[in-house]
Amino acid sequence: QALSRQKAATNVRSPVGNAAGLVSKDRKSALVQFDVVGKADDADTKIQPVLDAVASAQKGNPSFRVEEFGLASSNHELSKVFDRDFQRAEYTSLPVTLIILVIAFGALVAASIPVLLAFLAVLGSIGAFALVSHLFPAAEFVNSVILLIGMAVGVDYSLFYILREREERRRGKSPHEALLTASATSG
């Protein structure tokens, strides 16, 4: 009954009346099947009211175990986990990267340059992707992935560039000559 009242649930098949295959042989378990209205790709965005109805049915019947599982609900839960994890990564990636680089370089200004360059590249990539996403559908977490990968690659490349410049200085070149050689050989 709880599922039948949900706009997102359709084709609700009740085990009442011993519907074939919906009641276990020991008669201790029953399965209520249903479909989610609309396209399967959008089902995870419509499933929350159904999950709430199932939770309410469980709360109202504590002597029974009432649960729900399917592709829509599992995708819904996975999306929540990914969103939470990527949000945490978004908030921690810049500060943690900056702290590590401050320790590595020993100066805030020197550490800020790779972070700033990487962040500018990330902003440009997100802007370019925003244009593309108007033509092609895209997952919600793409911007988070761009941030994480962009920061990693951008900082890594900046560190490689600095490493090349320091190698040239160890070989006896002046700071200016080392910079010119690094810019010509690490690009």
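Position 1 is the first residue of the sequence, and the numbers go up from there.
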Pairs of donor and acceptor atoms involving the side chains of residues 102-128, under 3.5 Å and at least two apart or interchain, shall be tabulated with distances.
residue: S112; atom: OG; partner: L108; partner atom: O; Å: 2.6
residue: S125; atom: OG; partner: A121; partner atom: O; Å: 3.0

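In this structure, L135 belongs to a hydrophobic cluster whose other members, linked by side-chain heavy atoms under 4.5 Å apart, are V132, F136. Alongside F64, the hydrophobic cluster contains L3, V12, V32, F34, V36, I47, V50, L51, V54, V66 (criterion: ILVMFWY side chains under 4.5 Å).
We find the CG-CE distance between L98 and M151 to be 8.5 Å, quoted to the nearest 0.5 Å. Between the CD atom in Q6 and the CD atom in Q48 there is a gap of 10.5 Å [rounded to 0.5 Å]. To the nearest 0.5 Å, the span separating CG on L22 from CZ on R13 amounts to 8.0 Å.
Scanning all heavy atoms of the two residues, the minimum distance from A182 to Y161 falls at O-CE1, 3.9 Å.
Of the listed residues (R171, H176, K173), just one forms a side-chain hydrogen bond (donor to acceptor under 3.5 Å, both in side chains) with T181, and that residue is K173.
Under the side chain to side chain donor-acceptor pair (under 3.5 Å) criterion, N61 pairs with no residue at all, not counting sequence neighbours.
Hydrophobic clustering, with ILVMFWY side chains joined whenever heavy atoms are under 4.5 angstrom apart, keeps L179 apart from L163. Under the 4.5 Å side-chain heavy-atom criterion for grouping Ile, Leu, Val, Met, Phe, Trp and Tyr, I99 is not connected to V96 through any hydrophobic cluster.
Residue pairs meeting the salt bridge (Lys or Arg N to Asp or Glu O under 4.0 Å) criterion with at least one member in residues 44-62, sequence neighbours excluded, do not occur. Counting only residues at least two apart or in different chains, salt bridge (Lys or Arg N to Asp or Glu O under 4.0 Å) contacts with residues 149-167 comprise R164-E167, R164-E168, E165-R169.
Remark: side-chain polar atoms of S133 are paired, donor with acceptor, to backbone N or O of A130 under 3.5 angstrom. Using modelled atom types, one side-chain atom of S73 and one backbone atom of G70 make a donor-acceptor pair closer than 3.5 Å.
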